[in-house]
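Only one structure is covered here, and it is reproduced in the block below.
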Amino acid sequence: MLSDLIYRLRALFRRNTVERDLEDELRFHIENETAARIARGADSTEAVRQARIAFGGVEQTREACREARGVSLLLAIFRDLRFALRMLVRTPGFTAVAILTLALGIGANTAIFSAVKAILLRPLPYRDADRLVMVWEANPSRDWHHNIVSAANFQDWKNRNHVFTDMAAFLSPTLTLTGEGDPVEITGEQSTPNLLSVLGVSPILGRAFTPEEGRPGGPRVALIAFTFWQNQFAGAKDVLGRGIGLNGQSYRIIGVLPPGFDGCESCFGHRPQIWISGLDTHPQGRIYHSFRVVARLRPGVTVDRALTEMRTLADAITREDSSNIGWTVEVVGVRDDSVRIVAPAIEILFVAAFLVLLIACVNLANVLLARSSARQREIGVRGAMGAGRTRIVAQLIAENLLLALGGGTLGVVLAIFLTRLLRAFAPAEATPGLANVGVNGVVLAYSLGLVIVTTLFFGLAPAILSARRDLNDVLKQTSRSTGGSGGHRLRGILVSAEVALAMVLVTSAALMISSVARLSRVPLGFDPTDVIAMRVPLRGQVYRDNPQRVAAVLTELVRRVNTLPGVEHASVTRGVPTDGWDGEDFVTAENPDPPPGQSPDGNYVVVSPSYFDLMRIPLLRGRAFLESDVQNSRPVAIVNEELAREFWPHEDPLGKRLHTVPVPPNAPWMTVVGIAANVETQGPTNAAHPEIFVPVAQYPWAITPRELLVRAVPNANTAAIVAGIRKQLRALDPSLPISDVRSLEAVVGESVLVQRFLTWLLAAFGALSLLLAGLGVYGVLSYAVSLRTQEIGLRMALGAGRGDVLSHVILRGVALGFAGIAAGAAGALSLTGFLRSQLYRTGPRDPVTFVVVPVVLLIVTLSASYIPARRATAVDPMTALRCE
Amino acid sequence: MPIDLPQGTLDLLILKTLDLGPQHGWAISNRIQQVSGDILHVQQGSLYPALHRLERRGWIRPKWAVTENHRRAKYYELTRKGRAQLKDQAESWRALAAAVAQILEGQSG
């Protein structure tokens, strides 16, 4: 066995020596045979001749010996590959284009696949993650589908459902790590004590919460994340029982959670480091929505069934409690929920990349068909010389294999680069698992699979086609005939298919581009340039029960920040536009008691008086807030255009009164003193909704989350400004941090980040497909012209003018293109419906797009046809007719 | 009249010939012819492939040497594995021949 292997290896790697030895051995034999015959009396030349005859065919013997060595197959393959390499090197232009085309197709697909694997298919750190669902409230009439859940509903769902084994509620409070050193903002999660058991996660040290610890006001204990344990406690084993300060109070650490566990992944971009319990799930008004809810499905229950049952339950609850009118339930698998923003985009890109690869393959198949047609004679001669059909096919496949390997390798390199781009530019918050997008083992395997499949696709077909031909016909064939008209029709069909695919891709890209263009033209309503936003949490006992103190601190902070150099305006606000919606139900004085569930809802924004100046929101009527609008003076409000339009369409809104509900007893009505222009609070994709602005001095308890906005003068040193703000805040209260410093432009950009990203990539794919389709048309026509040189020469000799020849070729190109455009238009009409979720104010059958894109494709086809047409007219009839 | 050798038996005869000592290809062919009284003719075209096959299997081992005429020649010698093979194959052959003879005897007369 071993000797066999050694023998074969030697035969493989020391081929030359082995061949020489054989040569010597056989020669020696013939010499001996000759000598023997001479000894028997023959003369020398006759003896040599007889000896040779007696030996038989030397070449056959040599071949037989090679076979006996057992490496002939391997050697044949090597020889094919070497020959293929030489052939490819001889036509560098073709080889380069082919490899590049393949690389682009394979690279794009590999990169998108790695995104699919890392984001859509990533393993979740929970037990049986596919049995976990998020349960949301939804209000379809207001187009809210993933709304946080009220305590009352949570309790009712938990107690009355039949589809879940357990449900847990949680939210993300802002926690400040107090105690040693500067207070530091830390991301945390506060949950019902059963969160870990619902998720199926156990601490690696210590234990989970007990029900007693889940009681609000119960023992203060905390679980810490693995990274927190490593960073803050250096992974000390005795961390259990140690205390940490949170929001000014001491919590005892009772457990450490496993690495890779980031809480419930629906919290986008949110990596909690600390878990506490004591969540107050005592039912208050059903309209106060607070929690996220995760539940584990009972065995055998599907998500759909859970959804149906929960909706029935919600209806029952609504019948019992009319404040729930309009609200229903949404049940989504945890995995789907965490990627719901980017999943459509990724899926679209996956299909688009696949289309590009398909176009690339069709292109290559076409070119290879042409090349193999040109080599028919060579193949015929080989067949006549005894090469079996398999060997001929093998030779052809060798070339395709080399091309595929070259393209695949380059493609992987490209994919590495592309995934790096993805990691850098994709919206990180909406894309869990983004960090894992890269070329790893599984992705490489996918790449390899693509390479194999594409080789088979574009390589095998032409190879089999050409090998099948009758050798006789091929040998007899001269170039005078139109040679391979059947092949020509196939190539024409392939090119039209290419154009059709390109049409689909380019149409999709064009739709996305027009959608994004429309999005960016929607007026924001405010000016985010040079504005910085940051959170000012103000946690702690001293603020929790003392809204006056909150108001005082915030007002003083704004005053101080205004004095910092480089600051034009400062204001506090509740939440930042395009970053969320803080809805409150309200009633107007005209309609103080609407039927349950029909109170209108508006964004309730608590602001400093300088807010409108800072944001450059025009005040259309009335006045802004003044310093005189304080706690004891008349409660005032500013409403936006939309609210005024909806509720007081034909009257003067100034002086009208409204209330948020529920109304505390004896609370005075707010009076409208101003109308502000509409602002894109929910991002450009949503229409305007009513908004109510109130001064922070009058409603300090309502300002959560607390954001500080600062408009800097252009080109100011923002880092210095932020440092100055920190100092001022510490001067007011040393325990207060600021966090989440970000530019408002970035926040606004995030709301359209996914669409923009998708559009860029689709546009790139579209452009690529145009290029490939153009190359395809050019290739086919150019080859047809070269085949028909004689025919063209004949025509011209018989009187056809240059113009006739030109138009003949161009018409052929246009015909191919047209067929492709028509097929592609049909395909696009039916397929672009999938883009609907990503399109803004652009229907998937937008007529302008469907006119412009075919025109573009037609132009590309025309240009691609022009060059071969010109070449056709350059044919000199005499030379054409003369040459064979 | 010389009979052409069936291929399987060529291996056996080569091994047996080499049992007597290392020889080169031509000598092996010559010897088989002589010892069989000129009845068995080795088809020269199949001799060398057979030799290479046996070499690959490790039953014979090549040795390059210089002949008396100062020519470079490739001698083969039997390996231990080859010797064992020879014994096995010879036994099988004898058994086969005996069985065939048995049947032929039984049928005639």
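All values reported here derive from a predicted model rather than from experimental measurement. Hydrogens, waters and symmetry mates are skipped; everything else that's a heavy atom, side chains included, is used. Naming convention: chains lettered A, B, ... in sequence-line order (proteins, then strands); numbering from 1 in each chain.
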Tell me every residue that passes salt bridge (charged side-chain N to carboxylate O under 4.0 Å, His left out) with K87(B), counting only those two or more places apart in sequence or in another chain. none
Measure F28(A) against the heavy atoms of chain B and call it side chain, backbone, both or neither at under 4.5 Å. side chain
In plain terms, say whether K74(B) and D21(A) are close enough for a salt bridge, that is, a side-chain N and a carboxylate O under 4.0 Å apart. no
Rounding to 0.5 Å, atoms CH2 (W64(B)) and CD (E25(A)) come to a distance of 5.5 Å
Side-chain heavy atoms of R72(B) within contact of R27(A), under 4.5 Å: no
Engaged part of L22(A) at the chain B interface, taking heavy atoms whose separation is under 4.5 Å: side chain
Which residues satisfy the salt bridge (charged side-chain N to carboxylate O under 4.0 Å, His left out) test with E31(A), sequence neighbours excluded? R71(B)
For G25(B) versus H29(A), what's the shortest heavy-atom pair and its separation? C-ND1, 4.2 Å
Output the distance between atom CH2 (W26(B)) and atom CG (L26(A)), rounded to the nearest 0.5 Å. 15.0 Å
Would one find more than 12 heavy atoms of other residues, nucleotides or ligands at under 6.0 Å from atom CZ of R31(B)? no
Checking L47(B) against chain A: side chain, backbone, both or neither under 4.5 Å from a heavy atom? side chain
All heavy atoms of C65(A) vs all of P49(B), minimum pair found to be SG-N, 3.6 Å
